[in-house]
Amino acid sequence: MMETENILEVKNIVKRFSGVEVLKKVSFEVRKGEVHALMGENGAGKSTLIKIITGVYPKDEGSIIVDGRDADINSRQDSISQGISVIYQELSVIPTLTVMQNIFLGQELTKKGLLDKKRMREKADSLIKRCDFDIRPDDYVETLSVAKRQMVEILKALLYDAKILIMDEPTASLTDKESDKLFNIINRVREQGTSIIYISHRVEEVYRIADRLTVLRDGMVVGELNKQEITHQRVVQMMIGKEVKEQADKANKPIQNGNVLSVQNLSREGLWHDLSFEAYGGQILGIGGLVGSGRTELLRSIYGADRYDKGEVLFNGKPVSRSVKKNIRNGMGYIPEDRRGEGLIPLLSVGDNIAMPNYDMLSNGMAVVNHAKELELGEEMIREIDIRPANSKMPVRNLSGGNQQKVVVGKWLARDLKVLLIDEPTVGVDIGVKGEIHQIFMRLAQQGVVIILVSSDLKELIQISDRIIVLHEGSIFKEFSKEEATQQKILLAASGIA
Amino acid sequence: MKKGKIISQLKSMALLLILIAVAAVFEGKAFFSFFNIMNILLSVSVYGIMICGSIFPLLVGGMDLSIGSTAAFSAIIGARVMIAYEFSTVGILAGILAAMVTGAAVGLINGIAAYYFDVPALLATISTQYVFYALAQLITENKTVSCGNSDMFAFIGSGTIFGIPFPIFILAFLAAAIYFLLNKTVFGRQVYAVGGNIKASRMTGVNAGAVIIVSYVLSGVMAALGGMVLTSMNTMVKASTGYGYELYVFIGLMVGGVNFAGGEGTIQGGLFGALLVGVLSNVMMMVGIDATYHNMIQGIVIIIAVALTARRALINSGLSKKAAS
Amino acid sequence: MNEKQKRQLITFAMVAALVVLFGTTTDSFFSVSNISNLFRGASYLGIVAAGLTIVIIAGGNNLSTGATVGFVAMLVSRLVYANIPIVLCILLGMAAGAVCGAADGLLITKLHLPDFVATLATNYVYSGMILVITFRQNNRMVTKALTNQAFLQLGTGVGDIFYVTIVWLVLVAAVQFILYYTKFGTHVYAVGTNTSASQISGINVDKIKIIAYTISGLACGIAAIFLLAYEGAASAKTGEVYTFNAICAAIIGGASLSGGRGDALGTFLGCIFMQLITNGIYKMNLASEYQTLLVGASILVMSIFNTVYIRYTSKRNRLQTIKAERGGTV
């Protein structure tokens with residue numbers, strides 16, 4: 001066994017899902033006592049890699065070496081016993097228990113079979129002091145803010161004598177002040193000798209705390225930078241790669257038919273501050289921003305499914321209703337981010353799902369469903385957007401991701417749409433269907449529909465938007481026209497840098 | 001038709017055939033006599049009427065265990081009204097209406113507790129069961145309310161048309177109406193949507209709260225109707241009328257393929273399940289199993305039936321996870 | 001004072017209010033015999049509820065407690081009647097209760113049945129079993145009164161305190177101790193709040209649940225033995241009433257059906273509350289139906305109260321933390 005300066009080495013990891021290579025011979029190493037950032041766009045492979053390191057997924061090829069020794073990691077328990085801890089965004093703390101109880105959960109110290117609260121409290125106190133956290137062992141976690149709950153998770157990981165602490169987008173729901181605190185904590189943890197793998201796609205943060213940085217793109221390691229070499233531009237460039245400006249398949253210039261959706265001074269505690277913008281009929285307005293910048297909530301609030309504290313939403317000068325049902329009647333549609341959770345009813349058929357928002361058209365007013373029309377609508381959509389298999393009675397959960405998304409979209413196409421709100425439309429959708437869905441949106445735009453598109457897929461955003469506004473910290477940081485937008489610019493804007 | 005549904009219906013059919021076979025072996029002619037078959041159908045009819053209502057709370061992901069005492073309480077109110085009107089035609093109609101309104105009120109309480117106040121459906125409906133059972137005892141002072149003097153009213157429960165008991169016609173009518181409601185109206189679609197994925201249904205403009213509350217109201221109304229039919233059959237009603245019926249209704253629905261997780265199941269299935277339960281009871285009686293063991297056996301049937309559907313329910317709804325608050 | 005203590009204070013206040021009410025409106029409320037009888041009456045429910053509390057905190061529910069009590073009562077009654085040594089009868093009774101509970105736990109964890117369906121079903125099965133083992137004469141069910149003095153002694157007490165009350169108080173202390181001073185107790189709260197987080201921390205969720213249900217069944221067995229000793233005979237309806245009343249007591253005491261909240265002390269207070277109501281209704285010469293009515297209504301009202309209270313306090317917590325983060329420490 002050789003004495004090595006690397007606490008973790010990942011060598012030539014390959015991972016395939018249904019034949020598609022998601023990780024292509026990925027190698028990187030983490031030194032002892034360093035903060036190593038792992039960056040990449042959505043879909044670059046960061047979370048898959050982490051899931052392999054933590055034993056959630058098995059790897060297809062490659063090896064993992066922990067502290068110089070080959071590690072056979074096949075389960076979460078394995079990775080924990082190797083000294084690898086993870087802190088995810090959805091924290092796994094127990095709110096109804098105290099800080100101390102959470103830290104020691106599953107590992108309680110006992111004396112003669114009973115809880116040794118004195119020793120646990122002492123140990124908790126010493127850990128807390130080491131990290132200089134502002135919490136007490138007897139605080140109930142349910143009274144703590146998100147940032148403090150994260151501290152509890154960190155302490156828990158330290159208790160396990162974690163050699164490696166993996167933090168996945170830890171600042172996604174933190175304020176600036178809280179993020180600062182977190183960075184101090186990370187520094188202190190590093191001083192204790194624990195290495196940290198910090199996953200993020202927030203360029204400006206990484207700049208502040210990383211010793212080294214590895215960038216993934218499309219399942220491959222694109223490069224590695226040392227602290228001194230890290231600049232925003234370089235990182236963004238590595239994350240995005242060569243930009244090929246793809247020609248939009250648009251024959252004509254977009255029509256502007258005078259329809260305007262206007263958002264004015266929209267505010268909500270902790271989310272947006274005086275947000276104002278306009279979206280025009282015949283144009284696709286893209287909204288960029290990092291995860292956690294409030295884009296999804298924005299769309300939901302316009303739709304009526306979420307609230308805002310101050311401000312107004314107007315369509316052609318008239319206030320938009322706060323009721324989803326009314327908005328649908330008035331010509332609004334919404335494609336949710338979470339397809340399975342909010343977009344579809346898994347047990348129901350393709351036809352039933354497509355019919356869901358359309359019963360005002362499919363019933364005779366007496367609330368009796370016109371079954372013939374219902375069937376016809378389903379068939380029509382299946383034909384129009386090529387849903388496969390072409391069976392309107394098939395339960396939606398048996399369809400592929402791409403076809404499921406077509407069903408989600410197909411719900412709205414038969415309506416007299418005035419506004420269509422779209423959130424991450426092509427996640428988990430293959431290339432071919434992706435293109436088809438884009439065509440649908442652009443066609444709708446040509447017909448004069450106001451389209452607002454939220455997407456973390458920068459290529460997609462640039463490809464089909466006519467204008468792009470970028471949210472950062474609750475307000476619009478920058479606006480780009482189609483011609484001037486590049487992925488780099490958008491990412492830099494989303495990070496609040498340029 | 002979904003494969004799962006077919007399989008579960010096949011299982012039920014198979015079970016029914018086995019039961020009939022057992023009956024045939026033991027009692028032969030007696031089981032298949034017109035009298036016995038009518039007997040089965042008659043006992044099933046009240047369960048069936050209640051199933052027509054209770055299928056709704058199950059479909060939206062809850063359940064209603066208060067139907068027994070709802071039936072009694074509503075029927076007592078209805079009986080009082082009819083007595084006040086001396087069982088005139090108007091009086092009988094008014095009584096039935098009064099019972100239905102009472103049932104609806106109970107359902108409203110259940111629905112509001114379950115939806116707005118997050119009280120688990122099980123607990124909310126058991127609580128109302130207790131409350132209305134006690135109320136029934138109190139307002140009748142534990143005495144029976146006799147409804148024996150009216151031929152017209154008695155016809156509801158005991159009359160026959162072409163030799164077929166009238167309640168079966170009532171059931172047929174209600175079953176058809178509920179079938180229509182569930183399969184041919186927007187409301188019916190919304191019930192399945194809410195039960196299948198409440199968040200997604202809200203995103204398409206469905207008022208999930210209204211759908212859920214109406215579901216419990218329907219359950220209460222049907223329970224009340226069942227109570228009135230029982231009253232007619234027995235020519236009287238007391239606080240314990242309908243006591244224990246929720247068990248049979250629940251089993252009938254489960255066995256008939258209605259998933260306790262919500263979003264899946266048909267009224268045909270539920271009624272078929274009721275038939276199964278009725279045949280099971282009848283067979284047990286004919287085979288000589290003491291009536292006292294019936295509940296125990298029904299309990300075992302629940303375990304088997306639910307265990308078989310439990311796996312599918314888990315897969316459909318995703319493994320139950322509790323999120324940190 | 002933390003949230004838990006505040007919630008207990010509410011229950012305590014409710015009990016205190018009733019004590020004041022009955023103390024001032026009925027004579028001899030504070031007499032030794034009345035208090036001792038009150039406690040005795042509450043003891044059987046109290047023992048059952050103490051065991052049930054663990055199940056509820058773990059996020060489950062048990063609808064078969066009453067039937068378990070009835071079954072064990074009938075079983076022990078038959079054993080005692082057959083002149084089996086008393087100690088053995090007691091041990092077998094307790095074991096039977098534990099087995100019933102364990103069966104519930106297994107159905108729920110291994111067959112993945114939802115807790116209410118499983119225990120509803122076992123409720124009917126156990127009730128049925130009472131009828132299977134009941135005394136019969138000429139093929140008809142009969143009730144046989146026990147005459148074994150040694151056993152019947154259990155139904156009495158020392159001085160003015162009944163044995164069953166002592167056992168109840170000991171059990172409450174024991175459950176409270178388990179919940180707050182053992183690993184198992186912490187894990188019960190964890191499992192009831194967030195099963196996946198518990199699993200990630202290495203807790204065997206299934207094991208915790210099975211143990212919880214077994215304890216619940218065991219408690220039912222203990223209650224059954226004392227109940228039988230006091231009443232002298234077991235019937236088909238013995239214990240029926242405890243199922244629902246135990247759940248009610250736990251909820252009044254602050255336990256939440258979604259799990260993770262409550263403790264033995266709260267449930268203890270809840271039992272006292274319910275016994276006071278029963279007693280009060282009896283003393284006021286109101287029909288016993290009012291008791292059923294109140295139990296049902298109490299569950300609804302207290303469940304709703306618990307929900308509203310939790311929503312209110314979590315909102316207040318959030319506002320407080322936002323304020324603290326904003327204005328206070330950096």
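Below, read A as the first sequence line, B as the second, and so on, with proteins coming before strands; counting in each chain starts at 1.
Contacts of A:Arg329 with chain B are absent, with no heavy-atom separation under 4.5 Å from either backbone or side chain.
Within the 4.5 Å cutoff, the side chain of A:Val369 has no heavy atoms near those of the B:Lys184 side chain. Contact check for A:Lys325 versus B:Thr204: no side-chain heavy atoms found under the 4.5 Å cut-off.
Proximity to chain B at a heavy-atom threshold of 4.5 Å picks out nothing from residues 99-106 of chain A.
Of the listed residues A:Lys326, A:Met356, A:Met394, the one with more heavy-atom pairs under 4.5 angstrom with chain B than any other is A:Met356. Of the residues considered (A:Gly341, A:Pro336, A:Gly343), A:Gly341 shows the highest number of contacts with chain B, using heavy-atom pairs under 4.5 Å.
One finds the OG1 atom of B:Thr185 at 10.5 Å from the CG atom of A:Asn364 (value rounded to the nearest 0.5 Å).
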Test log, rule side-chain contact (heavy atoms from CB on, under 4.5 Å), inputs B:Asn183 and A:His371:
CA-CA 9 Å; B:Asn183 293 304; A:His371 193 48; over 6 Å; no
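In this view, A:Tyr57 satisfies the side-chain hydrogen bond (donor to acceptor under 3.5 Å, both in side chains) rule with no residue, not counting sequence neighbours. Remark: A:Gln404 pairs with no residue by the side-chain hydrogen bond (donor to acceptor under 3.5 Å, both in side chains) rule, at least two apart or across chains.
Within the structure, the salt bridge (charged side-chain N to carboxylate O under 4.0 Å, His left out) test picks out the following pairs touching residues 187-214 of chain B (sequence neighbours left out): A:Glu374-B:Arg189.
Of the possible donor and acceptor atoms, one in the side chain of A:Tyr303 sits under 3.5 Å from a partner among the backbone N and O of B:Met203.
Residue B:Asn197 forms a side-chain contact (heavy atoms from CB on, under 4.5 Å) with just one option from A:Asn353, A:Ile345, A:Leu344, and that option is A:Ile345.
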